[in-house]
Amino acid sequence: MSFPLLTATAALPAIGAIATAAVPAARRTAAKWLALAVSLATLVLAGIVFARFEPGGDRYQLTESHAWIKDFGVRYELGVDGIGVALLALTALLIPFVILAGWHDADPLETNSSRWRPTQGFFALILMVEAMVILSFVATDVFLFYILFEAMLIPMYFLIGGFGDRAHSGSDENAAAQRSYAAVKFLLYNLAGGLIMLAAVIGLYVVAGSFSLSEIAEARANGSLDMATSTERWLFLGFFFAFAVKAPLWPLHTWLPNAMGEATTPVAVLITAVVDKVGTFAMLRFCLQLFPEASKWATPVILVLALISIVYGALLAVGQRDIKRLIAYASISHFGFIVLGIFAMTSQGQSGATLYMVNHGLSTGALMLVAGFLITRRGSRLIADYGGVQKVAPVLAGTFLIGGLATLSLPGLAPFVSEFLVLVGVFSAYPVVGIIATVGIVLAALYVLVLYQRTMTGPVREGIGGMPDLKVRELAVAVPLIALLIFLGVFPKPLTDVVNPAVQHTMQDVQKKDPQPEVEAAK
């Protein structure tokens, strides 16, 4: 039997989480180094998965299948396709940076204080989230995916509610109340989506007699699965609702600004750059593959929702006074582009959407982490409390600028390729939708450049003059992310070669072909 590489890649951070939580309370530094070592080892395994994946091979590779709950036909079934392997690599890549950036976020607030922040628990929860997200990207059994989809809410709830942002204006009691509100809102929204999805999962089993993606696909191919149109549409809506909450898509987005605003900066990156990708990934893997007719039926409404997300998120980002909430609303706009690319039902749109998931993780991760370093120095998230930072901390200002330019999809940086492909795919199928979507590009330039101008330029404000520049640990977080943004912006081929064959499979699932350009005959 071949080595279970996918299981090992997910099991390592899970085992590391248990080991980190078991480190004695007084040895906080040892717990940090252990968590970092585990995340780096997981990155190595993810690199092996990426290297062993053959873009021109089978749709699902490195497969594993074992009986789990025989009476209900549930199997522990794993397999990775081009879309899943790209997001698995993104997750494994970002977690070491999240751990490094949050190195001191769970330290005791005061020496010998009874107000203890459990460092071991903080890093153990991050590793546990990593394990669950990785498994969700490779699960090919619908019930197994559902378990992971719901289970990852538990560590995220404790990360948001138990380890809040220290740069909070107001009393400690007020900060704790807002943190608790954000955590509960995150949990309730996602649990509501998950419960609706559970009903749809049960319905799918009743209709198909299986939870296995491969078995359901085979049944569709040989005609043994005859799903009524109304049934397929109801099941699609159950799955899509849960994924739209996780994504998040307007109007189910309101938990995100609260969660990102109140969480520590590394946890905010974990939310938007890692966990939320499970929602958009699942739209490609489950909605389009399991319910192709319903996906096409719902496309017009979903495109409208995606457009609202793009423009609404960008407009609210322009008006924000809080740095972290600005980035949160910008992410809502970006997720609108991802959903738009998925449901444009063109190969360019879906390739662009997949690349957008990866590149958004890198660009938002870089911008948010550098913003976190800035906020830690000043002790405030309010834009009005900054000014003239580039005069006293030029490296911090420079990395912040590059992260911001990547967020607005400047040509030469990775997100530009993604956004360009999404818009090409949308324009070829829905020109009017594409025209409206470009409003988001203009607004992105506005909120990013205004943010940079107000925080980094102008006279040095009070409290900024003694601000130190980025330190070695912080440079170790920012520089590799920026290097990747530049590399993939100039040479995206390593990702497109992996993603494009998987997108072609998805296009076959929904029986769609790219629109042919209309060319007038020469007179």
Side-chain angles (χ1 to χ4, degrees), residues 9-10 12-14 16-17 20-21 28 31-44 46 87-107 117-134 136-137 152 155-160 162-166 256 259-278 324 327-328 331 357-376 399 403 470-471 473-485:
T9 306
L12 181 58
T20 301
R28 297 189 306 275
K32 298 175 185 179
W33 282 108
L34 175 60
L36 180 60
V38 169
S39 69
L40 291 172
T42 305
L43 177 57
V44 172
L87 293 172
L88 184 152
L90 170 70
T91 301
L93 176 69
L94 285 177
I95 296 301
F97 298 121
V98 167
I99 290 173
L100 270 177
W103 201 252
H104 299 297
D105 284 1
D107 288 345
R117 296 170 70 88
T119 305
Q120 289 84 342
F122 179 76
F123 292 103
L125 290 170
I126 290 174
L127 290 176
M128 190 58 70
V129 171
E130 179 182 21
M132 293 178 181
V133 170
I134 287 175
S136 69
F137 288 142
M152 70 179 67
M156 287 306 306
Y157 169 79
F158 288 109
L159 283 169
I160 297 169
F163 302 91
D165 188 1
R166 296 183 183 182
L256 182 66
M260 287 183 64
E262 299 305 321
T264 64
T265 301
V267 173
V269 172
L270 196 63
I271 294 169
T272 190
V274 176
V275 173
D276 286 356
K277 299 301 188 301
V278 176
K324 291 173 69 176
I327 298 173
S331 289
M357 288 186 243
V358 176
N359 293 333
H360 172 266
L362 297 175
S363 61
T364 300
L367 180 61
M368 178 63 89
L369 290 175
V370 175
F373 299 149
L374 177 70
I375 292 168
T376 299
T399 53
L470 293 184
K471 300 175 183 178
R473 174 179 61 86
E474 296 164 332
L475 286 171
V477 172
V479 172
L481 290 175
I482 289 172
L484 274 171
L485 287 170

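- To the nearest 0.5 angstrom, Leu256 atom CG is 11.5 Å from Ile327 atom CD1.
- A donor-acceptor pair is defined here as one N or O able to donate and one able to accept, closer than 3.5 Å; no such pair exists between the side chain of Lys277 and the backbone of Thr91.
- Partners of Lys32 under the salt bridge (Lys or Arg N to Asp or Glu O under 4.0 Å) rule, at least two apart in sequence or in another chain, are Asp107.
- Between Phe97 and Val269, the closest side-chain pair of non-hydrogen atoms is not below 4.5 Å.
- The side-chain heavy atoms of Ile134 and Thr42, taken from C-beta on, include a pair separated by under 4.5 Å.
- Between Ala101 and Leu369, the shortest heavy-atom distance links the atoms CB-CD2, 3.5 Å.
- Within 6.0 Å of CH2 in Trp33 there are 12 or fewer heavy atoms belonging to other residues, nucleotides or ligands.
- Considering all non-hydrogen atoms of both residues, Ala14 and Met128 come closest at O-CE, 4.0 Å.
- Annotation: side chain of Leu270 is in contact with side chain of Met156 (closest heavy-atom distance under 4.5 Å).
- Counting only N and O atoms by type, the side chains of Thr272 and Thr364 include no donor and acceptor under 3.5 Å apart.
- Atoms CG and CG, from Leu367 and Leu481 in turn, are 11.0 Å apart once rounded to the nearest 0.5 Å.
- Applying the side chain to side chain contact (heavy atoms under 4.5 Å, CB included) test to Leu34 and every residue at least two apart in sequence or in another chain returns Ala19, Thr20, Val23, Val38.
- Residues satisfying the side-chain hydrogen bond (donor to acceptor under 3.5 Å, both in side chains) criterion with Asp276, sequence neighbours excluded, are absent altogether.
- Looking only at side-chain heavy atoms (C-beta outward), Met357 and Leu90 stay at 4.5 Å or farther from each other.
- Distance check: Leu93 CG to Leu40 CG gives 10.5 Å after rounding to the nearest 0.5 Å.
- Considering only heavy atoms from C-beta on, Asp105 comes within 4.5 Å of Pro266 through its side chain.
- Residues forming a ring-ring contact (aromatic ring centres under 6.0 Å, His included) with Phe373 (at least two apart in sequence, or on another chain): none.
- Taking every heavy atom of both residues into account, Gly261 and Lys324 meet most closely at O-NZ, 3.5 Å.
- Between Leu127 and Ile99 there is a side-chain heavy-atom pair separated by less than 4.5 Å.
- Taken to the nearest 0.5 Å, the CG atom of Leu12 stands 11.0 Å off from the CG atom of Leu43.
- Of all heavy-atom pairs between Pro96 and Ala92, the closest is CD-O, 3.0 Å.
- A distance of 11.5 Å separates CD in Gln120 from CG in Leu125, rounded to the nearest 0.5 Å.
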Next on the checklist: Between Ile95 and Val129, is the side chain to side chain contact (heavy atoms under 4.5 Å, CB included) condition met? List the steps.
Outcome noted: CA-CA 10 Å; Ile95 296 301; Val129 171; over 6 Å; no
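- Looking at every heavy atom in both residues, Ser331 comes nearest to His360 through OG-NE2, 3.3 Å.
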Checklist entry - Do Ile160 and Ile271 pass the side chain to side chain contact (heavy atoms under 4.5 Å, CB included) test, and can you show the C-alpha distance, the side-chain angles, and the key distance before you say yes or no? => result CA-CA 9 Å; Ile160 297 169; Ile271 294 169; 3.8 Å; yes
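- Each of Ile482, Val477, Leu475 was compared with Val479 under the side-chain contact (heavy atoms from CB on, under 4.5 Å) criterion, and only Leu475 meets it.
- In this structure Thr399 satisfies the side-chain hydrogen bond (donor to acceptor under 3.5 Å, both in side chains) test with no other residue, sequence neighbours excluded.
- Take Ser39 and apply the side-chain hydrogen bond (donor to acceptor under 3.5 Å, both in side chains) test, not counting sequence neighbours, and it matches no residue.
- Contact annotation: the side chain of Arg473 approaches that of His104 to within less than 4.5 Å [non-hydrogen atoms, C-beta and beyond].
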